[in-house]
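Beneath this line is the structure, given in structure tokens, with notes to follow.
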Amino acid sequence: MLSTPGRIGVIAALPEELQSLLDAMPDAQAIERAGRTFWVGHLQGRDIVAVLSRIGKVAAATTTTVLLTEMACRQIIFTGVAGGLGPDVRVGDVVVADALVQHDMDASPLFPRYELPGLGVSHLHPPVDLTARVHEVVSEALSPQALSVNGPLKDVHLASLGLGLPRVHRGLIASGDQFVNAAADCDTLRHHLPGVLAVEMEGAAVAQVCHDFDTPYVVLRTISDRADESAHIDFPRFVRAVACRYALVMIEALLRPDRGS
Ligand code: SAH
């Protein structure tokens with residue numbers, strides 16, 4: 001469905017997610033840059049560069065910059081996990097970002113809190129028509145049919161992980177160099193950033209680099225935790241059994257050429 005011609009950079013947040021992409025890219029060739037391995041190959045017939053972002057905003061910004069400059073990517077898709085903040089955003093759901101903010105950006109009193117100095121805004125937005133289509137395609141890729149006994153995700157046993165069917169949300173994602181795992185911090189984020197759905201550590205940095213290079217981007221996050229002290233399901237198992245499977249299915253659906261524009 002992604003109509004932009006040319007190469008697409010696919011950034012994975014976790015090694016397990018990258019591996020599931022690479023398993024589907026048998027022709028991938030490794031190129032080393034900036035201490036990272038960029039995998040150049042094909043997925044769904046599209047020219048792809050897949051790479052691990054590394055954790056945090058600066059790491060993600062470096063990775064994105066190399067994709068856009070040295071690797072000549074014309075579009076970026078980021079896939080990873082995140083903490084759920086929205087009241088209805090549960091573990092196992094997916095959030096498609098339609099806005100991103102750096103929740104730890106605060107140059108006040110020189111600039112209003114959260115504003116990106118020099119850009120004059122706090123929130124960055126991927127193209128509206130793109131996020132609307134991504135929401136539609138991802139919702140279909142993770143539909144109850146896809147998870148049913150005959151679907152491509154039939155081996156994802158949600159009930160055994162205590163999860164319900166995934167819901168796909170579209171809204172604000174907050175990023176910062178902090179792993180959020182306290183209810184009080186979640187309350188602060190919800191208070192200052194009304195409508196925020198999820199918190200993670202890279203998306204808004206990818207957005208800022210793509211904004212600077214005037215390049216469309218998509219940020220997808222599967223919710224792995226509720227960003228509080230609550231005991232959540234076994235993280236490595238969740239990543240392996242759910243997040244990696246969703247990441248590959250979502251990205252393949254987005255790249256599939258039969259989706260029209
Ligand atoms: N590797 C660790 C977990 C990493 S979680 C482990 O195996 O336990 C950190 C990554 O997940 C970051 O890339 C971040 O973007 C995302 N993330 C998930 N939940 C988060 C939360 N509650 N707060 C911030 N980042 C979160």
Side-chain angles (χ1 to χ4, degrees), residues 9-21 35-37 50-64 67 76-97 99-106 114 124 126 161 163 166 169 171-193 196-210 217-247 250-251:
V10 180
I11 311 178
L14 299 169
E16 297 88 340
E17 284 178 308
L18 177 67
Q19 193 54 53
S20 75
L21 295 173
R36 291 147 169 80
T37 305
V51 61
L52 192 64
S53 71
R54 296 195 177 174
I55 293 176
K57 293 188 301 172
V58 174
T62 303
T63 307
T64 308
L67 284 172
I76 299 293
I77 305 175
F78 187 105
T79 173
V81 294
L85 290 179
D88 303 327
V89 180
R90 296 187 296 225
V91 172
D93 285 356
V94 166
V95 176
V96 178
L100 296 111
V101 62
Q102 294 179 31
H103 69 75
D104 53 357
M105 172 58 76
D106 188 357
Y114 304 122
L124 294 175
L161 288 153
L163 303 176
H169 309 265
L172 176 63
I173 291 183
S175 311
D177 287 322
Q178 181 194 2
F179 186 80
V180 177
N181 60 353
D185 293 338
C186 296
D187 288 341
T188 304
L189 287 169
R190 281 189 286 258
H191 177 72
H192 289 289
L193 298 168
V196 66
L197 295 184
V199 61
E200 37 86 316
M201 302 177 70
E202 298 85 17
V206 173
Q208 189 172 346
V209 175
C210 288
Y217 60 96
V218 173
V219 176
L220 299 171
R221 292 284 182 169
T222 301
I223 302 304
S224 57
D225 59 276
R226 279 289 302 174
D228 59 15
E229 305 85 348
S230 67
H232 63 86
I233 57 165
D234 176 351
F235 184 81
R237 186 168 168 225
F238 175 80
V239 167
R240 209 176 44 248
V242 181
C244 287
R245 302 284 291 115
Y246 286 2
M250 291 190 291
I251 287 171

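Atoms within each ligand, like the ligands themselves, are counted from 1 in listed order. Keep in mind that what you see is a predicted model, and the values were worked out from it rather than measured. Quick note: residue numbers are just sequence positions, from 1.
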Between Ser53 and Phe78, which heavy-atom pair has the shortest distance, and what is it?
CB-CE1, 3.8 Å
Pairs under 3.5 Å, nitrogen or oxygen of ligand 1 with protein nitrogen or oxygen:
unit_1	atom_1	unit_2	atom_2	d
ligand 1	13 (O)	Glu202	OE1	3.2
ligand 1	13 (O)	Glu202	OE2	2.7
ligand 1	15 (O)	Met201	N	2.9
ligand 1	15 (O)	Glu202	OE1	2.6
ligand 1	15 (O)	Glu202	OE2	3.4
ligand 1	15 (O)	Arg221	NH1	3.3
ligand 1	19 (N)	Gly83	N	3.4
ligand 1	19 (N)	Asp225	OD1	2.7
ligand 1	22 (N)	Val180	O	2.9
ligand 1	22 (N)	Asp225	OD2	2.9
ligand 1	23 (N)	Val180	N	3.0

Can you check side chain to side chain donor-acceptor pair (under 3.5 Å) on Asp88 and His169, steps first, answer last?
CA-CA 9 Å; Asp88 303 327; His169 309 265; over 6 Å; no
What is the distance from atom CD1 of Ile223 to atom CG of Leu197, rounded to the nearest 0.5 Å?
8.0 Å
Going by atom types only, do Ser175 and Glu202 share a side-chain donor-acceptor pair under 3.5 Å?
no
Look up atom CD1 in Ile77 and atom CG in Leu67, then write down how far apart they are to the nearest 0.5 Å.
11.5 Å
Donor-acceptor contact below 3.5 Å, side chain Arg226 vs main chain Val89:
yes
